[in-house]
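Worksheet for the structure shown next.
Within every chain, numbering begins at 1; the chains are lettered A, B, ... in the order of the sequence lines, protein sequences first and strands thereafter. All values reported here derive from a predicted model rather than from experimental measurement.
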Amino acid sequence: MDATVASTLWLARDELQRLIDLLWDRQYRVIGPRIDSGAIVYDEVRHQDELPVGWTEQQEAAKYRLVRRDDGQRFGFNVGPHSWKRYLFPPRAVVGEATRGPQGWQLSDHPEEAPAYAFLGVRACELAAIAVQDRTLIHDQYSDPIYAERRRRALIVAVNCTQAASTCFCTSMNTGPRCTAGFDLALTELDDGYTVEVGSDRGAEIVAALALPSADAGSRRRADGRRAEAVNQIRKRLDTTDIRNLLMDNLEHPRWDEVAERCLSCTNCTMVCPTCFCSSVEEVSDLQGDHVQRVRQWDSCFSGEISYMNGSLVRGDIRSRYRQWLTHKLATWFDQFDTSGCVGCGRCITWCPVGIDLTEEVAAIRETPP
Amino acid sequence: MESRPTLAVFKFASCDGCQLTLLSLEDDLLALASRLHVAHFLEATSRIEPGPYDIALVEGSVSTPRDIERIRQIRRDSRYLITIGACATAGGIQALRNWADSEEYLRAVYARPEYIETLATSTAIADHVTVDFELRGCPIDKRQLLDVIGSLLAGRRPRIPNHEVCLDCKRKGTVCVMVAHGTPCLGPVTHSGCDALCPAHDRGCYGCFGPSRQPNLVSLSDQLRRDGMPPREIVQAFRGINAYSPEFRGEGDRLEAESDRSDEADRSGEADRSGEAGRSGEADR
Amino acid sequence: MNRDDLNRDVTNADDSHRDDVQGGVTTRSIRVENLTRVEGEGGLDIRLRSGALDDVKLNIFESPRFFEAMLRGRPLEETPDITARICGICPVAYQMSSVHALERALGVDAGEEIRRLRRLLYCAEWIESHALHVHLLHAPDFLGYPGSLEMSRDLPEEVTRGLQIRKAGNALLELIGGRAVHPINVAVGGFYKAPGRETLRRLVPDLQAGLRLAIDATRWVAGFDFPDFEQTYDTVCLVHPDEYPMCEGRIEASDGLSITSDEFESVFVERQVEHSTAMQSIRSDTGATYLLGPLARINGCRDRLMPAARRLADEIGLQTPCRNPYQMIVARSLEIVHAYEESLQIIAGYHQPKPSRVEYRPHAAAGSAVTEAPRGMLYHRYRIDEGGAIGEANIIPPTSQNQSQIERDLRSFLPGILEMDDDELAKRCEKLVRCYDPCISCSTHFLKVRIDRGG
Amino acid sequence: MNAPQSAAIAANPWLSQTARIERITPEVDLVKTYHLRFTDPQVQANYRVAAGQFNMLYVPGVGEIAIGVSSDLQATEPRERTWDHTIRLAGHVTGALSEMEPGEVIGIRGPYGTTWPLDEQHGKDVLLVAGGTGLASLRSALYELLANRERYGRLTLVYGSRTPETLLYQGEYAAWAERGLKVHRIVDQATAGWKGQVGVVPRLIDGLRTLDPSNTVMLCCGPEVMMDYAVRSVVARGMREDQVWVSLERNMQCAVGLCGHCLLGPEFICRDGPVYRFDRVARYLKVESL
Ligand SMILES: Cc1cc2nc3c(=O)[nH]c(=O)nc-3n(C[C@H](O)[C@H](O)[C@H](O)COP(=O)(O)OP(=O)(O)OC[C@H]3O[C@@H](n4cnc5c(N)ncnc54)[C@H](O)[C@@H]3O)c2cc1C
Ligand code: SF4
Ligand code: SF4
Ligand code: SF4
């Protein structure tokens, strides 16, 4: 059939491999969910069997466990410790080079041949996260060139959630669980196959190449049912009413002291968060010092060094760092980028080694105005 | 006289691993040797020159009365004194003796303890003389060592990141062993430098780079306890390679005192309820 | 004389002599500081009375580190991490002896794949440790340089080759162990995470290049000028029917002794001597010293070297049993070649062990093991208590076993060179000691040569 | 196609130009002015900067730092001009710079940030308040005011420093005064020969006799505490916070709003600042460790 944006097609269960093959054939590096070291991470996928077939995860604050499902779903889980940020905004990238010559220093950028990624299995909250990063890293005047180019080339095959983890709160953030925009294709997994929604011309072109039939009404209904299950399972809430002012009016709330007693300032929450974007540049030179690379690495408002100035730290204690993180994420992000910095994926809750839950922190501040 | 800065390497109680790192610079070793004049490095050369030295790298901990004299002399002889490794910066694994009866220790190891002259303690170099820079690790990291030497050669104070192991771990994309496997890990309170090796090998960090800049040890202990680790084992986790660093020492001692108190309470509780049946000994473990 | 004087001596020999006349016998003391280019620091004490050799002692002024005591009460899983810290040059050896002894105690069989991966890791350490000694520490003795950094000015290619040989070994150590010094990947039962097959294969080109360099370097080393100095040795090493000795086998001596590690302590006794904090070993049955290390292994197991190493041994005309300690550098070089070859062989047939470590249930038990550290047989024995903590540990490193042998060599060496001046004499003694690649770090602190010359 | 497009995607914001150190003027102890010229004549000719903006100066292998431009931008044609940076030795990068000689090449990118709002102040009295090296960031503004002297009312500089010896640009004060700027100085610690005031900057402000609160604007640069007290002083004299501009400082890695280092509440100081009308940032400056 002639697929156009917004049409819904059908991909039989084992045809997924054809999609994967086609993407590789078109020189995409296909990245998708795989099991590694006891978690579902994002890595190269060449074969549909490498996906976490029949696995799911149990998540709660400071706890993540893989568990078996009783069916053969490939996408029967939510989000793991990785996010696509790892690929679009790599944790380590060379942003410039300097070489000492007879005329003194020669400076050059280090243009990368941006890889063309095809992301397989992007969730609704992750689509939202990518949209947030578009705003934080691409601007009219200055953009992150690495992000921008990788992003431009990336193809996105989203997957609708059919279940929710106890840490998910996308419904509070209006980011999910349904994939509504920002994808080239969006799948909903059923036992015998996938309904495929087309989100872009690029997506349409791919389904055309695969010659997918359109999805029948029954499959569509079943897909609706599956997606509704995800909505029903979401328990966690973050009350976002006037959240910007709530936080900014409570910068001296005693709750910051309490959370500082527990927070390790270990940076885990910011590393797993799909929207956090702080980075630092490190000079890496050979011993002679004649050749230098400027390496940009992920950094975090929880690292002390980030606020180093004039011999001391502006945010010298854990309290001020946690406050910086939460107020930036949930409040000042609105001032800067006209959006929340949080998409409700819940990663920071699961992967905080001491189980600090931002929704509880906000609720505590809301409950007890000073 | 040569104009290249002079380098001297000294060893105290240690395993040699950190100075070996210098010899393991491989590609950079000869380059380094051309920029520095190696004036004293027993492991590498028989040519031994008297001080003063521009840069002294000191490995090992102070554990005999003679060590104290030696380190003072080295301090007098050296412009920059850089300590390398957990032994030199925190007393090393051998600082475990600081909690033990060293007489008994001697008997455990040596058949004839009377021959051995030893301090009851193993302590960091900085406990005895002023140290210009401490490079952490058991062993130290090659790149960091190069960085330190490079900075000194350029006349700058070395600057080594002092965040937690977690930051490196997540940059690498390693799955958190604590959250995903329930494996106790000191990464959240340990100084960076190893590029988060242990979690990348599916095991918890045992703190060989010592405490990070502002470790929240109490919170980590609480979490480990919540995860089911008995307090006595947490104490031992802190009393490892960097046992005698002030931070790990403090938290280990605090927890130990706490569990001593609760054992005490348990015992008196037990006495009170001596008539009670069926109480399992499990809680004491 | 103050042995603490760190910075005074520019040469290895002390400039001052001391003449004492006591009861008609003249004792002349000459102090030589700093025996160098050995791992760790210690000293050598030579006393001459009325022109004749009176006593030779290898002095090891170690700051004791009490590893056996520290291990008591620690969970047994920590043992390989703790014992590694005994020595930064050969941590894998300590880890290997630890895990083998503990697994024997617990009745754990790690299985074939893990066994091979351990051998691979051990090969990497042999390369690293041997190449360090051959190229950076020992070769300068034969070519007249105070050290390899100085040697590199005249012989840059040879030194670079040595560094390259070592580098591939270090790369292998890092790949399997996580890092070259104090690897973090060795566990009781196996490895925390076993490297993938492809990851290991990526090293093959470097290892092949390393092998070629190691073969060249062995030819070069074999061409050194070796002093004529033949000794009789009772050599001891592990012997395995099919493989070059490493982790398994019986302990066999050249005089026919053959025992298991459980019998070790009844045959090899450790005694502490007054001048040293390290222990010395002799055989209780013969009362004699014995020799460990590369020469012992080559003498005993030359036919189990890998083919290229075996051919190379023939090509360079190595006579075995070899009784010249100066030729230990040749044995060491051949073992580098062997280790490279065996590494390539293991990688070629490698399958990632799954799981990477076998489960075990800690219980009260005891066990011992001997493995072949680069410097020779390394003995560990443990008693585990019910809770899985270490109740008792006994560790006997190769250098302390070789120590008495070194002294014996010196005793037969010295009479021939007493005519030499102190400087030269000290240098000669130091060179002989260096042949053994003594790893004083395993136990020690500060090495210096002191000569007491009578009349 | 989902990806947003932007005209600037291709440009690498990290890429610096090279500039040669033409001259180095030692100012006071630990402070020197580096007169830079781009090595590429085209870049040199096209470069434009306004008073209050800063550049990122890059010493390869050491690091990159934010430094305000302190040139007299009125003086000469851009082609001949040098871009001047007055720098206090503080640590790594500034230390490396202090070891450099004229002729050496460093990296420079910019200009970045907001400017002192001089055009909007025509007809007003302008009070410049500086502490320590902060005067460097006001120097360009000062010369611009003097060049257009007739457009402004009273021009006053209140400048405080640790000691008389560390007062910057001492050789220029006479000329400034001649051109119609009243210069008041104060030092924390007097040394021999100092006849002027001793104390802190706000004290000088309190002592200003001719402050017309309704028609004055204050431009202020110096340590945050000093600025805080300076504002309190003028507010006490009847000025409003929206008559005050301050220049703020934070660690900066990218200078273009991408790295997250310089955040102060909602502000990216590199992009939204460094020069702020005080009322915009007042509430954030009051919060400790924000
Ligand atoms: C907008 C702006 C304008 C400035 N103008 C001037 C000026 O005209 N003259 C002047 O002497 N100084 C100025 N500074 C301060 C100057 O940037 C710092 O003194 C300098 O970064 C110190 O670098 P360092 O490497 O020598 O110090 P280190 O102490 O070694 O600092 C290490 C790194 O931390 C960061 N850092 C440390 N202190 C500061 C700081 N105060 N501000 C920003 N980043 C810092 C830098 O990245 C620096 O490389 C300005 C700062 C800003 C933000
Ligand atoms: S703040 Fe937490 S829940 Fe929100 S997007 Fe980031 S990781 Fe997800
Ligand atoms: S909130 Fe949790 S994850 Fe984030 S820095 Fe604190 S302890 Fe680490
Ligand atoms: S993870 Fe921890 S124990 Fe492991 S190497 Fe790094 S600092 Fe050492």
Side-chain angles (χ1 to χ4, degrees), chain A residues 95-96 98 100 103-109 111 134 137-145 148-149 151-152 154 156 182-184 199-202 248 251-252 277-281 283 285 289 292 294 296 299 301 306-311 314-317 319-320 323-324 327-328 332 335-336, chain D residues 1-18 20-21 39 58-64 90-92 103-109 112 223-224 249-268 271-272 283-284 286-290:
Chain A
V95 294
R100 207 198 313 254
Q103 298 299 308
W105 288 103
Q106 303 276 315
L107 306 179
S108 56
D109 50 7
D134 289 346
L137 296 172
I138 300 179
H139 304 273
D140 287 342
Q141 205 182 357
Y142 297 107
S143 297
D144 185 283
E149 189 55 17
R151 172 76 177 99
R152 192 181 65 75
I156 293 180
F183 55 83
D184 295 293
S200 72
D201 293 341
R202 205 154 42 156
M248 294 312 279
L251 293 172
E252 306 288 6
F277 62 91
C278 286
S279 67
S280 287
V281 174
E283 302 285 306
S285 56
V292 179
R294 311 205 69 208
R296 187 203 56 205
D299 205 332
C301 49
I306 204 166
S307 69
Y308 173 84
M309 185 173 82
N310 298 336
V314 174
R315 292 185 284 272
D317 56 5
R319 169 184 183 269
S320 58
R323 181 180 65 189
Q324 169 64 18
T327 54
H328 189 212
T332 56
D335 303 67
Q336 295 167 346
Chain D
M1 173 63 58
N2 316 295
Q5 294 296 307
S6 156
I9 279 183
N12 181 347
W14 300 99
L15 185 60
S16 295
Q17 299 292 331
T18 48
R20 196 171 301 284
I21 304 176
T39 52
Y58 174 44
V59 183
V62 188
E64 199 177 33
H92 284 80
E104 289 193 63
V105 167
I106 63 169
I108 171 170
R109 59 187 174 95
Y112 298 116
E224 258 171 51
E249 184 182 34
R250 280 293 181 277
N251 191 323
M252 290 174 188
Q253 305 268 299
C254 72
V256 296
L258 295 173
C259 76
H261 278 250
C262 67
L263 294 176
L264 172 71
E267 307 294 334
F268 278 99
R271 192 186 64 193
D272 310 326
R283 58 172 299 206
Y284 306 119
K286 287 192 184 95
V287 180
E288 210 184 312
S289 304
L290 188 67

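Both the backbone and the side chain of D/Glu249 come within contact range of chain A, judged by heavy atoms closer than 4.5 Å. Looking at A/Arg294, the atoms closer than 4.5 Å to chain D (heavy atoms on both sides) all sit in the side chain, from C-beta outward. At a 4.5 Å heavy-atom cutoff, the contact between A/Ser280 and chain D is made by backbone and side-chain atoms alike.
Between chain A and the residues D/Ala90, D/Gly265, D/Gly103, D/Gly107, the most heavy-atom pairs under 4.5 angstrom are made by D/Gly265. Per-residue heavy-atom pair counts under 4.5 Å with chain D were compared for A/Ser285, A/Ser320, A/Gly311, and the maximum is reached by A/Ser320. Interface summary for chain D: among A/Val314, A/Thr327, A/Asn310, the most heavy-atom pairs under 4.5 angstrom belong to A/Val314. Put simply, of A/Gly316, A/Ser279, A/Cys278, the one with the most heavy-atom pairs under 4.5 Å next to chain D is A/Ser279. By number of non-hydrogen pairs under 4.5 angstrom with chain D, the leading residue of A/Ile306, A/Asp299, A/Val281, A/Leu137 is A/Ile306.
Classification of the A/His328-D/Phe268 ring pair by plane angle, with boundaries at 30° and 60°, yields perpendicular.
Residue D/Glu288 places its CD atom among 12 or fewer non-hydrogen atoms of other residues, nucleotides or ligands, all under 6.0 Å distant.
Applying the side-chain contact (heavy atoms from CB on, under 4.5 Å) test to D/Cys254 and every residue at least two apart in sequence or in another chain returns D/Trp14, D/Val256, D/Leu258, D/Cys259. With sequence neighbours excluded, the residues forming a side-chain contact (heavy atoms from CB on, under 4.5 Å) with D/Leu290 are A/Leu251, A/Arg323, D/Leu264, D/Tyr284, D/Val287, listed by chain and number.
The main-chain N or O of D/His261 is never found under 3.5 Å from a side-chain atom of D/Arg250 such that the two would form a donor-acceptor pair.
Inter-residue side-chain proximity for D/Val62 and A/Glu283 is flagged as unmet; no heavy-atom pair is nearer than 4.5 Å.
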